[in-house]
Asker: 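Below is the structure I would like to discuss, written out as structure tokens.
Everything numeric in this text was worked out from a predicted model, so none of it was measured.
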Amino acid sequence: MEPFDIYHLFDKLSIAIFVLRLTNAEKREFLIEMANEENKKACGVDVKQFVGMSLRESFPGIYDIGLPEGYYKCVSEQIVIDLGEFDYGEHGVPVQTYVIKATPLSSDQLMISYENVSQLKRIERELLQKNQDLIETNKSLEEFAYITSHDLQEPLNTISSFVNILKSRYFEKFDNTGRRCLDYIEKSSIRLSNMIQGILSHSRLGSNATITDIDLNIIVADIKEDLMKALHEKCATINSDNLPTLKGDAIGLRVLFQNLIENGLKYQKEGNDPEIKIQVEESENGGYLFSISDNGIGIEEKYKKKIFQVFQRLHDDTTYKGSGLGLANCQKIVNKSGGKLWVESIVGQGSTFYFTLPNNLK
């Protein structure tokens, strides 16, 4: 049997390693005793060519960043030390970031293992920058939505005021065509005003949210109470599972559940008694899968994605009133929580909106 070759074993390892021996404790002098092939990949230098040489003479830059002090502590106290991240470059190799660990082997020997994390740090910096850019973009968009909404609202208020003057003082002097025109202008002004307010509300959803413990049973009970008149007029019923308590934004959750429930009540055939069913089950990732189903008119397959876009409506305002922002708001709320929202539907039989929420909403 051939003798065991520790050097050969070290060369097979996929992590960069070199072994040092303490030669002068007071001056923190070390001798390089062993190094493996992986060093070339990790730092761009063949550390093997420095075996048998002084660490200070071979790699003076290591002393500049203070690593030998950690090496000495590892040997003197006989403990494994995670030295952390260091930026280092020498022998013509550009400065890169390394994660370094020191492990004692004997009373005067230690093994240094390290990993080049420069690429990971670069990706991390890029992600942080992109995240910061996204935050600034969202802030700019919110400010733009607010300014635009405010600027649009002023001339719209002027139009509405003059329409009211014309209707109150001169309505009887108009013929039927003129009266219809005034009605169209008034209704269009109201619709545009609602759209402007909808843009502003949509842009601000999730901003400065207060995270608290939310009992979803209370949320649904409050919604049912607010919709009592509509439920009575439509002979509608809402049945719900026992819902969980989540940490989240009460306003956002209220908007989410109310929009989906109101859609189930709204999009119904004439004379149909709406039936809304709210169900929940624990999802595989530890959160929850909710569903809100109805027995309404349903949604065609080609429109299942379109309905979640801002101002995308499938029906005219006369048949089913709305701003076209309800489901877009729901999508934004669920996305910001880290969940997903989608719909399954059969035309003429009803729709089921599914959404996932984690235990702790963002």
Side-chain angles (χ1 to χ4, degrees), residues 1-132 247 285-286 338 358-360 362:
M1 181 182 292
E2 295 184 4
F4 182 70
D5 187 351
I6 189 68
Y7 293 93
H8 182 69
L9 174 63
F10 269 38
D11 276 337
K12 295 296 183 182
L13 296 177
S14 58
I15 186 169
I17 290 172
F18 58 90
V19 175
L20 302 175
R21 181 181 296 277
L22 179 65
T23 57
N24 187 315
E26 185 177 347
K27 294 183 178 181
R28 308 297 193 253
E29 298 287 357
F30 295 87
L31 185 72
I32 302 173
E33 290 197 325
M34 183 188 299
N36 68 354
E37 291 286 341
E38 195 66 24
N39 283 277
K40 291 181 184 179
K41 296 180 183 177
C43 71
V45 177
D46 184 5
V47 182
K48 279 188 171 184
Q49 65 179 308
F50 299 98
V51 170
M53 298 173 63
S54 162
L55 179 65
R56 187 185 296 274
E57 293 177 358
S58 303
F59 298 96
I62 285 180
Y63 283 81
D64 293 338
I65 59 177
L67 279 172
E69 196 62 40
Y71 296 168
Y72 174 72
K73 183 177 181 180
C74 169
V75 172
S76 61
E77 298 183 17
Q78 289 293 292
I79 56 173
V80 176
I81 299 180
D82 288 315
L83 294 164
E85 291 182 4
F86 286 86
D87 293 329
Y88 169 77
E90 207 163 6
H91 295 293
V93 178
V95 174
Q96 299 183 76
T97 304
Y98 302 91
V99 175
I100 305 171
K101 182 178 182 179
T103 304
L105 298 179
S106 67
S107 60
D108 62 352
Q109 272 186 318
L110 71 155
M111 178 178 68
I112 307 301
S113 55
Y114 64 95
E115 182 180 1
N116 189 330
V117 295
S118 299
Q119 186 174 1
L120 291 175
K121 296 299 291 183
R122 178 182 58 78
I123 294 172
E124 181 182 307
R125 287 192 295 270
E126 289 176 355
L127 287 175
L128 287 173
Q129 183 60 52
K130 288 180 179 178
N131 187 53
Q132 185 60 39
K247 281 192 176 296
N285 61 3
N359 281 320
N360 297 317
K362 299 178 182 177

Asker: Quick check: do L110 and F30 have side-chain heavy atoms less than 4.5 Å from each other?
Answerer: yes
Asker: A side-chain contact here means heavy atoms from C-beta on lying under 4.5 Å apart; do S107 and V75 qualify?
Answerer: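 The answer is no, as the side chains (C-beta and beyond) never meet within the 4.5 Å cut-off.
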Asker: For the residue pair L20 and L31, establish whether any side-chain heavy-atom pair is separated by less than 4.5 Å.
Answerer: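 Answer no - side chains too far apart.
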Asker: Specify the closest pair of heavy atoms between S58 and M53, including all atoms of both residues, with the distance to one decimal.
Answerer: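 Closest approach of S58 to M53, heavy atoms only: OG-CB, 3.5 Å.
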Asker: Give me the atom names and distance for the closest heavy-atom approach of I15 to S113.
Answerer: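 The pair with the smallest heavy-atom distance is CD1-CB, 4.1 Å.
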Asker: Using the rule given for ring pair (Phe, Tyr, Trp, His ring centres under 6.0 Å), can you reason through Y98 versus F86, listing the C-alpha separation, both sets of side-chain angles and the distance that settles it, and then say yes or no?
Answerer: CA-CA 5 Å; Y98 302 91; F86 286 86; 9.8 Å; no
Asker: Could you state the interatomic distance from CG (D82) to SG (C74), rounded to the nearest 0.5 Å?
Answerer: 10.5 Å
Asker: Can you tell me if CD on E77 sees more than 12 non-hydrogen neighbours from other groups inside 6.0 Å?
Answerer: yes
Asker: Which atom names give the shortest non-hydrogen contact between G70 and L83, and what distance separates them?
Answerer: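 Minimum heavy-atom separation between G70 and L83: CA-CD2, 3.8 Å.
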Asker: Taking the six-membered ring for Trp, are the ring centroids of F59 and F50 within less than 6.0 Å of each other?
Answerer: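 Yes, ring centres under 6.0 Å apart.
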Asker: Indicate yes or no: at least one non-hydrogen side-chain atom of D46 is less than 4.5 angstrom from one of N39.
Answerer: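 Side chain of D46 against side chain of N39, heavy atoms only: no contact under 4.5 Å found.
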Asker: Flag the pair Y72 / E29 as yes when at least one side-chain heavy-atom distance between them is below 4.5 Å, and no otherwise.
Answerer: no
Asker: Under a 3.5 Å distance rule, please check whether N36 uses its side chain to pair with a backbone N or O of I17 as donor and acceptor.
Answerer: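 Here the side-chain-to-backbone pair exists.
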Asker: Verify whether one side chain among D64 and Y88 offers a donor that lies under 3.5 Å from an acceptor in the other.
Answerer: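 Distance-only check fails for D64 and Y88.
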Asker: When you look at CD of E126, are more than 12 heavy atoms from neighbouring residues, nucleotides or ligands closer to it than 6.0 Å?
Answerer: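 Atom CD in E126 is packed in, count exceeds 12.
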Asker: What I'd like to find out is whether the side chain of D87 reaches to under 4.5 Å of the side chain of Q96, using heavy atoms alone.
Answerer: no
Asker: I'd like to check P104 versus Q109 (side-chain heavy atoms, cut-off strictly below 4.5 Å). Are they in contact?
Answerer: no
Asker: Looking at K101 and E115, is any side-chain nitrogen of the basic one under 4.0 Å from a carboxylate oxygen of the acidic one?
Answerer: no
Asker: Measure across V51 and E33 and return the closest heavy-atom pair with its distance rounded to 0.1 Å.
Answerer: CG1-O, 3.4 Å
Asker: Using modelled atom types only, decide if a donor and an acceptor are shared between the side chain of R122 and the backbone of V117 within a distance under 3.5 Å.
Answerer: no
Asker: Ignoring hydrogens and geometry beyond distance, is a side-chain donor-acceptor pair present between E69 and Y71 at under 3.5 Å?
Answerer: no
Asker: Return the minimal non-hydrogen interatomic distance between E85 and V99, and the atom names on each side.
Answerer: CG-CG2, 3.8 Å
Asker: Under the salt bridge (Lys or Arg N to Asp or Glu O under 4.0 Å) test, which residues partner D108, sequence neighbours left out?
Answerer: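 R21.
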